[in-house]
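The structure under discussion appears below in the form of structure tokens.
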Amino acid sequence: MALSNNLIGAINFVAMLLSIPILGAGIWLSNQPADSCLKILLWPVITLGVLILVMALAGFVGAFWRIPWLLMAYLVGMLVLIILLACLVIFMYMVTIRGSGHIVPNRAYLEYHLEDFSIWLQRRVRGSYKWERIETCLSSTQICPDLNQTYTMAMDFFRAYLTPIESGCCKPPTECGYTFVNPTNWISPINNIADPDCIQWINDQTKLCYSCNSCKAGLLASLKQEWRRADIILLVTLIALICVYLVGCCAFRNAQTEDIFRKYRQGYS
């Protein structure tokens, strides 16, 4: 019985360690441009990591101090959390299937269209109230101003591999026909009706193309990249947690069996 309890405790210690990548994924997302302005999964991921840590700690305590009801609570609670984590992994994958950049002639960077992304993600950025807050967050960063320090020549800028936010928010769409002055200053063409975003562009450094659909699409493209990376971390952690949980269930069952036989032998004696 003691050996089984020690094994369960060791397994729960491993489960505690596995909560670290989940918490790390949430903290990493909070430092990324898209997720820092559009906080959708930030707190769910961090909350799930904290709950897994607490549940594993409960199992650890229950094993070493031989508290059966705490071990049962751990088994039930961890199963629920594993299911929730699996749902989160599947959800993150499903909503980021759609949405990719479009190649632009004579440009190294890609451009993005809002309608390419999943309906669920589009709803997160549609609506003036939702976007005003996000727009304020984006305009307060150095994402666009930093481009002026990096690229001074038009040819260098056109050959640059811009991030989705830089491409969508810091410049007008290429099809609008604006003339390059610097990355955030462009001369308007005579006819700029090629795209609704063309009339949204403003050289005001606090406005730029932050009101454009291309900016919303760039934000979602950046969000997709961030979520895909975090999803890989969560998937690997999920698989490890399932393996640890199954081993813990077997160890708990063996401990219960040993306890029954011990009581039987004591009663027989």
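These numbers come from the heavy atoms of this one structure, side chains and all, not from hydrogens, waters or symmetry mates.
- Listed by chain and residue number, K171 satisfy the salt bridge (Lys or Arg N to Asp or Glu O under 4.0 Å) test with E111 (two or more places apart in sequence, or in another chain).
- Residue F157 comes nearest to Y109 through the heavy atom pair O-CE2, 3.7 Å, listed as atom of the first residue, atom of the second, then distance.
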message: Between C212 and C215, is the disulfide bond (SG atoms under 2.5 Å apart) condition met? List the steps.
response: CA-CA 5 Å; C212 300; C215 186; over 6 Å; no
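- In this structure, W69 CH2 and Y74 OH are separated by 15.5 Å, a value rounded to the nearest 0.5 Å.
- The structure places CD1 of I22 at 10.0 Å from CG of L51, a figure rounded to the nearest 0.5 Å.
- The line from CD1 of I46 to CG of L41 is 11.0 Å long, rounded to the nearest 0.5 Å.
- Side-chain N or O atoms of S167 include none that pairs as donor or acceptor with a backbone N or O of P164 at under 3.5 Å.
- For S211, the side-chain hydrogen bond (donor to acceptor under 3.5 Å, both in side chains) criterion is met by E135, not counting sequence neighbours.
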Please output the side-chain donor-acceptor pairs of residues 229-249 that fall under 3.5 Å, not counting sequence neighbours, one pair per line with the distance.
from: T237; atom 1: OG1; to: I233; atom 2: O; distance (Å): 2.8
from: Y245; atom 1: OH; to: L75; atom 2: O; distance (Å): 2.7

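- Scanning for side chain to side chain contact (heavy atoms under 4.5 Å, CB included) contacts around I40 gives L38, W120, R124, L223, W227, with sequence neighbours left out.
- Residue pairs satisfying the ring pair (Phe, Tyr, Trp, His ring centres under 6.0 Å) criterion with at least one member in residues 35-61, sequence neighbours excluded, are listed as follows: F60-F64.
- Nearest approach of C137 to T141, heavy atoms of both residues: O-CG2, 3.3 Å.
- Taken from SG in C209 to CG in N203, the straight-line distance is 11.0 Å, to the nearest 0.5 Å.
- Sulfur atoms SG of C144 and C169 are positioned 2.5 Å or more apart.
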task: Mind running side chain to side chain contact (heavy atoms under 4.5 Å, CB included) on I52 and M78 for me, showing each step along the way?
output: CA-CA 7 Å; I52 289 175; M78 187 60 78; 4.2 Å; yes
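- Of the possible polar contacts, none joining the E226 side chain to the Q32 backbone as a donor-acceptor pair under 3.5 Å is found.
- Cluster membership check: I20 shares its hydrophobic cluster with M16, using side-chain heavy-atom separations under 4.5 Å among Ile, Leu, Val, Met, Phe, Trp and Tyr.
- V50 and I27 fall into different hydrophobic clusters, where Ile, Leu, Val, Met, Phe, Trp and Tyr residues are linked whenever their side-chain heavy atoms come under 4.5 Å apart, directly or through other members.
- Note on I83 and M72: same hydrophobic cluster, where clusters join Ile, Leu, Val, Met, Phe, Trp and Tyr whose side-chain heavy atoms are under 4.5 Å apart, directly or indirectly.
- Residues E132 and T136 bring no donor and acceptor atom of their side chains to less than 3.5 Å of each other.
- Contacts of N148 classified as side chain to side chain contact (heavy atoms under 4.5 Å, CB included), with partners at least two apart in sequence or in another chain: N182, P183, T184, Q205.
- Here the straight-line distance linking atom CG of L81 with atom OG of S19 works out to 11.0 Å at 0.5 Å rounding.
- With contacts defined as side-chain heavy-atom distances shorter than 4.5 Å, the pair I202/L208 does not qualify.
- Remark: side-chain polar atoms of D156 are not paired, donor with acceptor, to backbone N or O of Y151 under 3.5 angstrom.
- Nearest approach of W131 to L138, heavy atoms of both residues: CH2-CD1, 4.0 Å.
- In this structure, R228 places its CZ atom where more than 12 heavy-atom neighbours from other residues, nucleotides or ligands lie under 6.0 Å away.
- The nearest pair of heavy atoms linking C176 to P189 is O-CG, 3.1 Å.
- Closest heavy-atom contact between M92 and V95: O-CG2, 3.7 Å.
- Taking 4.5 Å as the limit, some side-chain heavy atom of C170 sits within range of a side-chain heavy atom of I143.
- Note on I90: it does not cluster hydrophobically with F117, by side-chain heavy-atom contacts below 4.5 Å among ILVMFWY residues.
- Within the structure, salt bridge (charged side-chain N to carboxylate O under 4.0 Å, His left out) contacts touching residues 200-219 (residues at least two apart or in different chains) do not occur.
- Sorted pairs that involve residues 12-37 and meet ring pair (Phe, Tyr, Trp, His ring centres under 6.0 Å), not counting sequence neighbours, are lacking altogether.
- Remark: side-chain polar atoms of D35 are not paired, donor with acceptor, to backbone N or O of N31 under 3.5 angstrom.
- Qualifying side chain to side chain contact (heavy atoms under 4.5 Å, CB included) partners for E115, counting only residues two or more places apart in sequence or in other chains: H113.
- Residues meeting the ring-ring contact (aromatic ring centres under 6.0 Å, His included) test with Y93, sequence neighbours left out: none.
- Here K39 contributes atom NZ and S30 contributes atom OG; the two are 8.5 Å apart, rounded to the nearest 0.5 Å.
- When all heavy atoms of L88 and L48 are compared, the closest pair comes out as CD2-CD2, 4.1 Å.
- L29 and F91 end up in the same hydrophobic cluster when Ile, Leu, Val, Met, Phe, Trp and Tyr side chains are linked at under 4.5 Å.
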- prompt: Between L57 and L53, does a side chain to side chain contact (heavy atoms under 4.5 Å, CB included) hold up when you go through it step by step?
  reply: CA-CA 6 Å; L57 180 61; L53 175 62; 5.6 Å; no
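- Taking the side chain as every heavy atom from C-beta outward, K130 and V125 never approach each other to under 4.5 Å.
- Residue pairs satisfying the side-chain hydrogen bond (donor to acceptor under 3.5 Å, both in side chains) criterion with at least one member in residues 47-64, sequence neighbours excluded, are absent.
- Side-chain heavy-atom separations under 4.5 angstrom define the hydrophobic clusters, and the remaining members of the one that includes Y112 are I103, L110.
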